[in-house]
Amino acid sequence: MLSLKYISENRDMVVTRLKVKNFESSELVDGIIELDIKRRKLKNILDNSQATIKKLSREIGTLFQQGKNEEAGQAKEKTTALKEEIKTLSSDLAETEGRIRELLVQLPNIPHNSVPPGKTPEDNIMVREGGAKPELNPDALPHWDLAARYDLIDFELGTKVTGAGFPVYKGKAARMQRALINFFLDQAGTAGYSEIIPPILVNEDSAFGTGQLPDKEGQMYHVTGDNLYLIPTAEVPLTNIFRNEIIPFSELPRKLTAYTPCFRREAGSYGKDVRGLNRLHQFDKVEIVEVQHPDNSYASLEAMTSYVEGLVVKLGLPYRILLLCGGDMSFASAKTYDFEVFSAAQNKWLEVSSVSNFESYQANRMMLRFRDETGNKIHTAHTLNGSALALPRIMAALLENNQSPEGIKIPPVLVPYTGFELINP
RNA sequence: GGAGAAAUGGCAGAGUGGUCGAAUGCGGCGGUCUUGAAAACCGUUGUUCCUUUGCGGGAACCGGGGGUUCGAAUCCCUCUUUCUCCGCCA
């Protein structure tokens with residue numbers, strides 16, 4: 001969320017900038033500022049009352065010790081009215097703070113200056129593309145048919161065991177999946193990301209910290225018995241590692257990576273996009289997360305983007321990088337690059353990564369801060385994350401693009417991990 | 001799952017109703033001494049919020065929440081977590 005102070009001090013700027021996200025915020029922002037004035041007023045009166053009663057209490061204590069019980073009794077009476085007042089004031093204050101928070105979490109993050117305006121994916125700007133689209137035979141098959149032909153991925157079996165969107169990977173596909181995970185983790189390690197195996201169930205505070213709650217509640221699987229959520233991305237546990245932490249200046253940036261399965265209910269997603277591996281309820285992903293000094297976070301965003309680009313290049317996939325327009329960005333992001341790879345048999349671009357700078361939006365929510373160079377001041381850190389990469393669509397594109405009459409060819413960089421070069425009958 | 005014990009500052013660890021934001025030790029930072037370092041000695045050392053141009057002043061926080069009291073780290077309730085023992089188990 002945006003900080004209260006920032007909103008109060010930059011009212012017009014916030015409202016103007018949020019219009020890039022097509023978000024009309026003037027009412028919300030004014031409500032917040034009004035409540036904040038009330039909050040400060042209440043806090044001020046309450047502090048004074050508490051200071052008075054604290055002083056009185058000390059005096060009463062002294063009087064009792066001196067055996068002046070009568071005087072103490074008289075002093076006690078003076079506190080009665082004040083106590084009532086404090087009770088009312090603190091509940092008013094708590095209520096006001098609660099309402100401020102309710103409004104604050106409804107405000108999306110402010111987009112960076114370089115974010116183009118726009119409403120739909122059509123308005124995204126392509127910043128780079130690379131890799132050659134393969135020339136496939138006319139009889140080339142989409143990956144779900146290839147999966148059936150080579151007995152690689154069994155969607156029906158997953159439906160039997162769990163339900164739609166939970167595929168079963170078999171044989172060489174399972175091996176290839178594992179190869180991709182290991183390849184991605186090794187690459188990330190080389191690039192300076194520390195490998196983590198985080199919990200894949202998180203509590204409410206964590207889900208709130210990265211912004212999944214309260215807004216995207218229906219998108220996560222909720223284990224109601226223990227009030228835990230299955231992670232929709234490793235971003236959640238990885239970033240929350242730093243929740244309520246003050247990071248020493250010398251330890252910035254912190255760079256983490258993790259492979260986890262991800263779970264998404266995808267409520268409301270139907271139709272052609274869900275075919276095969278295109279959209280699943282459970283999928284594997286390697287994620288990279290970075291906590292960075294505000295001065296360097298945009299350099300990190302570019303570095304992360306280049307890193308992800310290196311991965312798709314190594315895999316030999318045709319790709320393009322999109323700078324998302326205001327309307328297509330996520331609620332919490334200040335700037336996002338999406339990666340799409342071309343899946344030739346479907347003749348379709350598939351999103352395989354999303355790299356974002358959240359600036360202080362998540363950090364404010366989770367009180368993630370750092371100590372500055374002098375060691376005296378504490379500031380909110382910036383957080384970033386990116387997929388590196390989401391596996392199913394990579395798998396889909398690799399299967400489709402690399403099919404040939406002899407079988408499906410494994411990209412050379414993966415062969416050391418798979419132990420085979422070809423998937424054939 | 002059952003029984004018991006505990007949760008205090010970066011860490012260790014005092015404090016069981018009255019100037020306690022909290023002794024002491026370690027660690028950290030600054031200094032004296034030293035050619036330099038160590039040792040020794042001296043000083044300093046949390047976070048959030050309100051207020052002030054600034055100096056400063058004030059409030060809250062001793063696992064979370066609630067309560068008793070003029071006053072709570074200290075008493076009560078509740079939740080969470082950790083440890084010990086038992087049971088079960090990858």
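Per chain, numbering begins at 1; letters A, B, ... match sequence-line order.
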Legend entry - A/R149 bridged to A/D145 by N-O distance under 4.0 Å: no
Legend entry - Paired nucleotide for B/C20 [Watson-Crick or G-U wobble; both distances under 3.5 Å]: none
Legend entry - Test: A/K172 cationic atom under 6.0 Å from A/F420 six-membered ring centre, within 45° of axis: yes
Legend entry - P atoms of B/G64 and B/U69, separation to the nearest Å: 23 Å
Inset, instruction - Could you check which nucleotide pairs with B/A40 in any of the strands shown, counting Watson-Crick or G-U wobble with both distances under 3.5 Å? - result: B/U32
Inset, instruction - Answer yes or no: does a side-chain N or O of A/R369 lie under 4.0 Å from OP1 or OP2 of B/U47? - result: no
Legend entry - Whole-Å C1' distance, B/A40 and B/C49: 42 Å
Inset, instruction - For B/G13 versus B/A7, give the span between their C1' atoms, rounded off to a whole number of Å. - result: 13 Å
Legend entry - Distance between P atoms of B/C85 and B/C75 (Å, rounded): 27 Å
Inset, instruction - For B/G28 and B/G87, measure between their C1' atoms and round to the nearest Å. - result: 46 Å
Legend entry - Nucleotide B/C50, atom C1' - distance to CG of A/L4 in whole Å: 13 Å
Legend entry - Under 4.0 angstrom between A/R39 side-chain N/O and B/C50 OP1 or OP2: yes
Inset, instruction - To the nearest Å, give me how far apart NE2 (A/H379) and C1' (B/U47) are. - result: 15 Å
Legend entry - A/S354 side chain to A/D338 side chain, donor-acceptor N/O pair below 3.5 angstrom: yes
Legend entry - Rounded distance (Å) that lies between atom P of B/C49 and atom CD1 of A/I378: 10 Å
Inset, instruction - Rounded to the nearest angstrom, tell me the gap between atom NZ in A/K377 and atom P in B/G46. - result: 16 Å
Inset, instruction - Could you check A/T62 against A/R40 and say which one's nearest nucleotide on RNA chain B is further toward the 5' end? - result: A/T62
Legend entry - Nucleotide paired to B/G27 in any strand shown, Watson-Crick or G-U, under 3.5 Å: B/U45
Report, one pair per line, the protein and nucleotides 55-65 of chain B atoms (nitrogen or oxygen only) whose separation is under 3.5 Å.
unit_1: B/G58; atom_1: N2; unit_2: A/D47; atom_2: OD2; d: 2.8
unit_1: B/A59; atom_1: O2'; unit_2: A/D47; atom_2: OD1; d: 3.2
unit_1: B/A59; atom_1: O2'; unit_2: A/Q50; atom_2: OE1; d: 2.8
unit_1: B/A60; atom_1: OP2; unit_2: A/K54; atom_2: NZ; d: 3.2

Inset, instruction - Would you mind checking if A/K119 and A/D123 are paired as a salt bridge, meaning a charged N to carboxylate O distance below 4.0 Å? - result: no
Inset, instruction - For A/T79, report the nucleic acid contact type (base, sugar-phosphate, nothing); a contact means any heavy atom under 4.0 Å. - result: sugar-phosphate
Inset, instruction - Quickly work out the A/L82 CG to B/G71 P distance and round it to whole Å. - result: 11 Å
Legend entry - Under-4.0 Å side-chain N/O to phosphate OP1/OP2 contact, A/R371 with B/U47: yes
Legend entry - Aromatic plane relationship, A/H293 with A/F370 - under 30° parallel, 30 to 60° tilted, over 60° perpendicular: tilted
Legend entry - Inter-residue atom distance A/L2.CG - A/R365.CZ, 0.5 Å rounding: 10.0 Å
Inset, instruction - State the pairing partner of B/U80; accept Watson-Crick or G-U wobble contacts with both distances under 3.5 Å, and report none otherwise. - result: B/A7
Legend entry - Paired nucleotide for B/G54 [Watson-Crick or G-U wobble; both distances under 3.5 Å]: none
Inset, instruction - Pick the C1' atom in B/C55 and in B/G66, then give their distance to the nearest Å. - result: 40 Å
Legend entry - Cationic N near anionic O, under 4.0 Å, A/R279 to A/E266: yes
Inset, instruction - Determine the interatomic distance between P on B/G15 and the same-named atom on B/U68; round to the nearest Å. - result: 28 Å
Legend entry - Whole-Å distance separating the CG atom of A/N44 from the P atom of B/U52: 8 Å
Inset, instruction - Remember a base hit wins even if backbone is also touched, and classify A/L56 as base, sugar-phosphate or nothing at under 4.0 Å, heavy atoms. - result: nothing
Inset, instruction - For A/E195 and A/T257, test the side chains for any donor-to-acceptor distance below 3.5 angstrom and give the result as yes or no. - result: no
Legend entry - Distance test, side-chain N/O of A/K41 to OP1/OP2 of B/C50, below 4.0 Å: no
Legend entry - Counterpart base for B/G71, defined by Watson-Crick or G-U wobble contacts under 3.5 Å: none
Legend entry - Ion pair check, A/R11 and A/D30, cut-off under 4.0 Å: yes
Inset, instruction - Provide, to the nearest angstrom, the distance between the CZ atom belonging to A/R365 and the C1' atom belonging to B/U48. - result: 19 Å
Legend entry - Same-atom distance (C1') from B/G2 to B/G21, integer angstrom: 40 Å
Legend entry - Protein-nucleotide distance (A/R101, atom CZ; B/U48, atom P), rounded to Å: 15 Å
